[in-house]
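Because the structure is predicted, anything quoted here is derived from the model rather than measured. Computed from heavy atoms alone, side chains included, the values below leave out hydrogens, waters and symmetry copies.
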Amino acid sequence: MSVSEQPAVAAPATGQPPAHPFPPGFVWGAATAAYQVEGAVSEDGRGPSIWDTFSRLPGRVRNGDTGDVAVDHYHRYPEDVRLMAELGLSAYRFSVAWPRIQPLGQGPTNQAGLDHYRRLVDTLLEAGIKPVLTLYHWDLPQALQDAGGWPSRDTALRFADYAAIVYAALGDRVRSWTTINEPSCAGLLGYSSGRHAPGVQDPPAALRAVHHLLLGHGLAIAAMRAAGTGGAGGADGPARTGADRNQFAISLDPAPIAPATTSPADLEAARRIDGLRNRIYLDPLLLGRYPADMLADTAELTDWSFVADGDLATINAPIDVLGINYYQPFRVRKLPGPLTNAGVSKRSLGLTDLSRPSTGSDREGSRDSSWPDQLPSEYPGCDDIEIMAPAAPVTAGGWGIDPVGLVELLTRIHRDYPAIPLMVTENGAAFDDRSGPDGRIADPDRIEYLAGHLRASHEAIALGVDLRGYFVWSLMDNFEWAEGYARRFGIVHVDFRTGRRSLKDSALWYRDVIARNGLD
Ligand code: FCB
C-alpha cells in the first residue's frame, strides 16, 4: 500500500512552524542491517556467516528463527527504496554483508556481491536518498570465526582488507562510511555472555575481541583514507575536498548508567559498568587510551598485552562523525556475590520477557521454552553486578522508555570528549503491532516513543550538542537477532509470510516530521 492510498493519520500538518524545529540540513534517516533484512543467504556466491551458523544452534534464537529469508530486502530493495522516497527520507543506513564480498572473509572478491550493493546505492541515489553504509553489522564470515574470530588479531587485518575492497568499488558514490556497528554487541554479547553469535562464553576472549574490533575500525579508516576520496580512482582519482570529502564514522551503543542507590557499593558498580559499556570504546577512539580504572577492573582476566605498540594511535585516528545508537539507560546494583549459575537473568536485563507470548511473529508459534533465560554477564568480571529491570514504561521487549536518557547521553559525550559531530544512528522501539480491520496499523506507542526521543534530540541541540541527524531503527520489521521475528521495530510493517510491506501510522507521522523538519 503506498502512502497515497493510506489515511493521513499522523501529526496534522498545521501549516504552523513546528514547536521543535531542527537545523537546516538535518539528516532524517532510517536504518537496517544486512542479516536482519536481506535473506538470500545462499545466493550469488555469499558465504556463510556466524549468524547463519548460530541461528541453527538449538535454543539460541527464539522459535528457531533464522535470517534465511528475513524480509527479502536482497530482492525487494527497489520497492523498499520507493517506500523510503515516499516517506521523504534523506538517508538510508544499511550494512554490507562481508560474506557476500569475500565468502571466506579473505581472498578473492565476489563481484556479484559488490554488484548488488552498487545497484542498491545507485537506486538510492536516483531517488535522492543518501546512502549511509556500514561495513560490519555482526555477520562475520564463518571461516574467519573458525580461524579464531574477533579474539584473533588477524581478523582486524582481514577487516581492513575487506573495507578497502568495498571502498574501491563504492567510494566514488557513497559519502558516509561507518566501519563497525556496536563493537560492544559484537564483542561482549558474542564472546562474553554468548547471547549473540558466535555464542562464545569466554570473558578474557571478549576483551580481546573488543580490542580487535576497535583496531579493525582504525585500520579500515586508514585503508580507506589512503585510497583517497575518489573511491575506484584511488589516490590518483579526482581529489575531493571540503564538503565533498567522504566522511568516516563508527556507531557505538553507549548508555547512561545509574547506581540503584547511593551506597558506595552501588556507585562502584555503576563506575565499573560505565567503564565496560561506554568508556572502553569512547576513550580509545576519541582520547587514544583505555580507561585506567577499566584496565584495573579487568586485570584478573587479562593483562591486555594484546594491545601492541601503535594500536591506540591507529584506533584514535580522526573520524568525522560518531554514531550513537540509543535505546535505554541502565540502573545497576552490587550483589553480595556472583550470581549462581554464573547468570544474570535476561529478564532482569530487560532484554526480553519470556512471560509474554511472542505474538509479534507470524512465522512461528509462541513461547519457546528451549530458548535460554540465564546467561553469564556480558560485562567481563561483572557477575556480581545486577543490571536491573527497567521501571515502566517499557517496550514489548521489556526495554525501558526514557528519552531524558538520550539528552543525558548526548550532552555527556559532548562534554567529556573533544568536539565530535554526533549522529543518532539508531533509535526506536518494538511494540506488538496489529492491523485493524481496514488494514491500518495504528502504533501510537511507537509514535510517542519516537516523538519523545526527537524532542530529546532537539533539546540536546539546544544545549550545544552538534547533532547532525537521526535514524529510526528500523525502516521495517525484521529479524531481531536472538529474538528472531518476535520483535517488530519497523515503521513499515512486514507480513513475514508474504513479504508484503505496509506503512504503519508511525511511518506516516515520520513523513510529516521530515516534511516540516521538526515536530510539535
Ligand atoms: C541494536 C542493533 C540493531 C537492532 C537494535 C534493536 O543494538 O544494532 O541491529 O537489533 O539493536
Side-chain angles (χ1 to χ4, degrees), residues 10-11 18-33 83-85 87-95 124 128-134 175-176 178 181-182 247 249-255 320-329 395 399 401-414 420-430 443 446-476 489-492 504 506-520:
H20 297 84
F22 280 73
F26 191 78
V27 174
W28 296 104
T32 65
L83 284 176
M84 295 177 215
L87 296 179
L89 294 189
S90 37
Y92 174 48
R93 176 176 182 256
F94 64 95
S95 78
L124 289 165
I129 298 166
K130 181 181 161 175
V132 174
L133 185 155
T134 299
R175 296 276 158 260
S176 290
T178 300
N181 180 72
E182 300 183 5
Q247 298 222 313
I250 184 170
S251 283
L252 305 178
D253 66 334
D320 301 296
V321 175
L322 179 67
I324 303 292
N325 298 351
Y326 173 75
Y327 291 92
Q328 60 174 334
T395 69
W399 293 9
I401 300 176
D402 189 343
V404 174
L406 180 57
V407 183
E408 192 186 320
L409 183 68
L410 294 173
T411 51
R412 178 221 178 153
I413 293 172
H414 179 69
I420 173 92
L422 303 178
M423 186 86 98
V424 173
T425 41
E426 284 183 25
N427 175 243
D443 58 345
R446 183 172 293 100
I447 293 176
E448 194 182 329
Y449 181 100
L450 297 174
H453 288 79
L454 279 174
R455 290 188 196 109
S457 303
H458 184 271
E459 185 177 342
I461 294 171
L463 291 168
V465 175
D466 182 1
L467 182 67
R468 301 281 173 94
Y470 175 94
F471 289 74
V472 173
W473 184 272
S474 175
L475 174 69
M476 51 194 168
F489 276 89
I491 55 173
V492 175
K504 301 180 191 176
S506 56
L508 299 167
W509 170 87
Y510 194 46
R511 178 197 60 181
D512 287 350
V513 170
I514 297 170
R516 299 174 76 203
N517 199 41
L519 71 163
D520 291 328

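Under the side chain to side chain donor-acceptor pair (under 3.5 Å) rule, E426 has a single partner from Y326, W473, Y470, Y327, which is Y327.
The CG atom of L454 sits 12.0 Å away from the CD1 atom of I447 when rounded to the nearest 0.5 Å. In this structure, CG on L406 lies 8.0 Å from CG on L467, to the nearest 0.5 angstrom. Distance check: R93 CZ to M423 CE gives 10.0 Å after rounding to the nearest 0.5 Å. In this structure, the separation between CG on D443 and NZ on K504 is 6.0 Å, given to the nearest 0.5 Å. Rounding to the nearest 0.5 Å places CE of M84 at 6.5 Å from CE of M476.
Contact between A255 and L409 at its shortest, heavy atoms only, is N-CD1, 3.8 Å. The shortest heavy-atom contact between V132 and A91 is CG2-CB, 4.0 Å. The two residues G518 and P18 make their nearest non-hydrogen contact at C-CB, 3.7 Å. Here the closest non-hydrogen pair linking A85 and I129 is N-CD1, 3.7 Å. Closest heavy-atom contact between G452 and P403: O-CB, 3.5 Å.
With hydrogens and angles ignored, the 3.5 Å screen pairs no side-chain donor or acceptor of S251 with any backbone N or O of I324. A donor-acceptor pair under 3.5 Å links the side-chain atoms of D402 to the main chain of G405, judged by distance alone. In this structure, the side chain of D253 does not engage the main chain of E182 through any donor-acceptor pair within 3.5 Å. Counting only distance, with no hydrogens or angles, the side chain of H414 and the backbone of G464 share a donor-acceptor pair below 3.5 Å. Checking side-chain atoms of H458 against main-chain N and O of P21 turns up a donor-acceptor pair under 3.5 Å. T134 places no side-chain N or O within 3.5 Å of a backbone atom of T178 that could act as its donor or acceptor partner.
Taking the centre of each ring, W399 and F489 come in below the 6.0 Å mark.
Other residues, nucleotides and ligands place no more than 12 heavy atoms under 6.0 Å from the CD atom of E448.
Counting only heavy atoms from C-beta outward, the side chains of N517 and W28 approach each other to under 4.5 Å. No side-chain heavy atom of P329 sits less than 4.5 Å from a side-chain heavy atom of E408. Residues I514 and S90 have side chains not in contact (no heavy-atom distance under 4.5 Å, counting atoms from C-beta outward). Put simply, the side chain of L87 reaches to within 4.5 Å of the side chain of I491, judged on heavy atoms. For the pair Y449/S506, no side-chain contact is recorded, criterion being any heavy-atom separation below 4.5 Å from C-beta on. Side-chain contact between D320 and P421: absent, with no pair of heavy atoms (C-beta onward) separated by less than 4.5 Å. Between L475 and F94, every side-chain heavy-atom pair lies at or beyond the 4.5 Å cut-off. When side chains are defined from C-beta on, V321 does not count as touching L422, because their heavy atoms never get closer than 4.5 Å.
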Task: CA sep, side-chain torsions, deciding dist, call: Y510, L450, side chain to side chain contact (heavy atoms under 4.5 Å, CB included) - done: CA-CA 9 Å; Y510 194 46; L450 297 174; 5.6 Å; no
- [ ] Could you go through the side chain to side chain contact (heavy atoms under 4.5 Å, CB included) check for L322 and I250 one step at a time?
- [x] CA-CA 6 Å; L322 179 67; I250 184 170; 3.8 Å; yes
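Screening residues 452-475 for salt bridge (Lys or Arg N to Asp or Glu O under 4.0 Å), with sequence neighbours left out, gives D466-R468.
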